[in-house]
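Just below is one structure, and these are the notes that go with it.
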Amino acid sequence: MLAPNREGWLCRCSCKLVFPVSCSLVKLLEETRQWWFINSKLQAVASRVAEEMGVKLGEEVGYTIRFEDVTNTDKTVVKFLTDGVLLREMMDDPLLSKYSVIMVDEAHERSISTDILLGLLRKIQRRRPDLRLIISSATIEAKSMASFFRSSKRHQEAGATDLGPSKEPAILSVEGRGFNVEIHYVEEPVPDYVQAAVSTVLLIHDQEPAGDILVFLTGQDDIDAAVRLLTEEVQSHGKKSHGLIVLPLFSGLPRADQDLVFSPTPRGKRKVVISTNIAETSLTMEISDIENLVVAPISKASARQRAGRAGRVRPGKCYRLYTEEYFVKQMSSEGIPEIQRSKLVSCVIQLKALGIDNILGFKWPASPSSEAMIRALEVLYSLGVLDDDAKLTSPVGFQVAEIPLDPMISKMILASDQLGCAEEILTIAAALSIQSIWVSGRGMQKELDEAKLRFAAAEGDHVTFLNVYKGFLQSGKSSDWCRRNFVNAHAMKKVIEIRAQLKRIAQRLGIVLKSCESDMTVLRKAVTAGFFANACRLEAYGHNGMYKTVRGSQEVYIHPSSVLFRVNPKWVVYHSLVSTDRQYMQNVITIEPSWLPEAAPHFYQQRQLGPSIH
DNA sequence: GAGCACTGC
């Protein structure tokens, strides 16, 4: 399977799973010194490979993820790790000199880290002719992947002739698995898609042979409505709905209810799962046959992904509640490939730390737009991470690159050292790094809001996090305390983990872990030092809580989940924006406008802040 | 008065 064909190292195999490929490779290359897999489900794969090789996990075969290093420096020859971990390792060892073979699995999934990694590996292979690269990718991507690495070879032949021949990487293309899925479209656009979904379910149930149904709707509201309509139909003992089991599925649903979806369908029954796009990727039902309703607008890629949920065990059908013309002409092919600015900012700083100075000339498998790149460089410049020559500043730039967080958070941590509030800021940094510390859930907003009020701080959400953290520690990290206070226990566990990691890094950087006790002003200043670019001012009277960003005059509002919602202090900075019908600021803290030119003299000149500074 | 879901250091 690995032998080079005449066209080079482009091989094809039609394996049912990626795993057997990896396993055969292990057998084939057992004699090599050390080599690498990069895969998201790597713990599971690592333990299977260890089992296959008859060795103990953590010895000859090991893995490394963010909070776990299950390897043994003396013994490990096969190591599984995430792309992020490998990028971190490259900061100490840019040529990855310890390793002889690197396999990048699922390269087509193409997270931005994988893209950087591929770009760096392409560079490394010019300096490391002995390094074997194996890239596994979906078939459609294999050719472009091969040419990405081939163009590097041409470059090498034209330029550096003294480096000796280097092998092109083996590109494994893994065929899509599964059975045929028959696609149906509606002939005319439907006026009410929830109603249309319900009718289609009943029609399928009436006319199609056994097999479960999976329906994608946009949100919890529509799911509730559809479940209600179908359940009413079932309860009225209508002939059309006899034997139908109706189950909702969304992330906020309690675990026990989610498990129902995965339980086997009783004989003679048909399960219908009404889901958000949680089921698009994470759901693989171990049941006979899944039929699939999709509601627009999503991307073509997403639509194919959804259709692929059917036909995994035997042929399936997919009913799209939009017209074929709409699919062909209106739907975008790839969704939103736009790289988030903050992500790109992190990447740029990592490349800089790896010594790649010419960022704009870096060869990516798919380049981000130069506008996005320039915006990222601007952010880093304003943070004082890059200097006028776009080089990492010392020490701030190098320190920010050391911290595995969004550079704005890293800058906030560094500022907290001078301001004497690192203890508090590390907690805030950890809390900002996870989705939410509160339990989500409908039908208990009132209790949740009341619970939040018990911790709410006048300064805003960041200080509120501190209050929750304090309470959690005082309770002895009790999960019962979490339940009573509508705090997500699992999220708090993560906060503790991340905080411990940040503490280790902070100590390595020589940051003094001092507490500011009750002085919230220094704490707010530290937040401002990182997030000054997100400063907003409340519009004067009668604008119903409308703020404008200081820099862009963009209209924004405080998100209803914030403790400052309806409080509307005059000046705030936010952590992130979420855009729905409006632009909402999430995690908001009050500031004094005079701190802005202090924190970022290049970014804010005094006069920009206008006459309302007092 | 908002709410699709991951992944990663």
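Bear in mind the structure is a predicted one, so any value in this text is a computation, not a measurement. Order of the sequence lines fixes the chain letters, A, B, ..., with proteins taken first and strands second; residue numbering starts at 1 for each chain.
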### Message
If you take any heavy atom closer than 4.0 Å to DNA chain B, which residues from residues 555-564 of chain A end up in contact?
### Response
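Heavy-atom cutoff 4.0 Å gives A:His559, A:Pro560.
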### Query
What residues in residues 396-405 of chain A put a non-hydrogen atom under 4.0 Å from any atom of DNA chain B?
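Here the set is A:Pro404, A:Leu405.
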### Query
Between B:dC6, B:dG1, B:dC9, which nucleotide gets closest to the side-chain atoms of A:Gln435?
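That would be B:dC6.
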Using atom [atom1] of [X] as one end and atom [atom2] of [N] as the other, report the distance to the nearest whole Å.
X        : N     : atom1 : atom2 : answer
A:Asp406 : B:dT7 : CG    : P     : 19 Å
A:Leu87  : B:dT7 : CG    : P     : 19 Å
A:Leu81  : B:dT7 : CG    : P     : 18 Å
A:Lys452 : B:dA2 : NZ    : C1'   : 10 Å
A:Glu68  : B:dG8 : CD    : C1'   : 15 Å
A:Ile349 : B:dC9 : CD1   : P     : 18 Å
A:Arg508 : B:dC9 : CZ    : C1'   : 12 Å
A:Ile65  : B:dC9 : CD1   : P     : 7 Å

For [X], what residues pass the side-chain hydrogen bond (donor to acceptor under 3.5 Å, both in side chains) criterion, not counting sequence neighbours?
X        : result
A:Arg582 : none
A:Gln583 : A:Ser579
A:His559 : A:Ser561
A:Ser47  : none

### Query
Can you list every pair that meets salt bridge (Lys or Arg N to Asp or Glu O under 4.0 Å) and has a residue in residues 494-508 of chain A, with sequence neighbours left out?
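For residues 494-508 of chain A: A:Glu402-A:Arg508, A:Glu423-A:Arg499.
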### Message
Can you tell me whether the side chain of A:Asp449 and the base of B:dG1 have a donor-acceptor pair closer than 3.5 Å?
### Response
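When only heavy-atom distances are counted, A:Asp449 does reach the base of B:dG1 through a donor-acceptor pair under 3.5 Å.
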### Task
State whether A:Thr82 places a side-chain N or O below 4.0 Å from either non-bridging phosphate oxygen (OP1 or OP2) of B:dC9.
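A:Thr82 to B:dC9 OP1/OP2: side-chain N or O found under 4.0 Å.
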### Message
The criterion is side chain to side chain contact (heavy atoms under 4.5 Å, CB included); which residues satisfy it with A:Arg66, sequence neighbours excluded?
### Response
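If we apply the side chain to side chain contact (heavy atoms under 4.5 Å, CB included) test to A:Arg66, skipping adjacent residues, the hits are A:Leu405, A:Ile498, A:Gln501.
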### Task
Check side chain to side chain contact (heavy atoms under 4.5 Å, CB included) between A:Asp222 and all other residues, then give those that pass, not counting sequence neighbours.
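Partners of A:Asp222 by the side chain to side chain contact (heavy atoms under 4.5 Å, CB included) criterion, ordered by chain and then number, come out as A:Tyr193, A:Val194, A:Leu217, A:Thr218.
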### A:Lys570 bridged to A:Glu539 by N-O distance under 4.0 Å
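No salt bridge links A:Lys570 with A:Glu539.
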#### Entry: Test: A:Glu450 and A:Lys446 ion pair at under 4.0 Å
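A:Lys446 and A:Glu450: salt-bridged.
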### Query
Counting any heavy atom closer than 4.0 Å, what does A:Asn544 reach on the DNA or RNA strands: base, sugar-phosphate only, or nothing?
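If one applies the 4.0 Å heavy-atom cut-off, A:Asn544 turns out to touch nothing in the nucleic acid.
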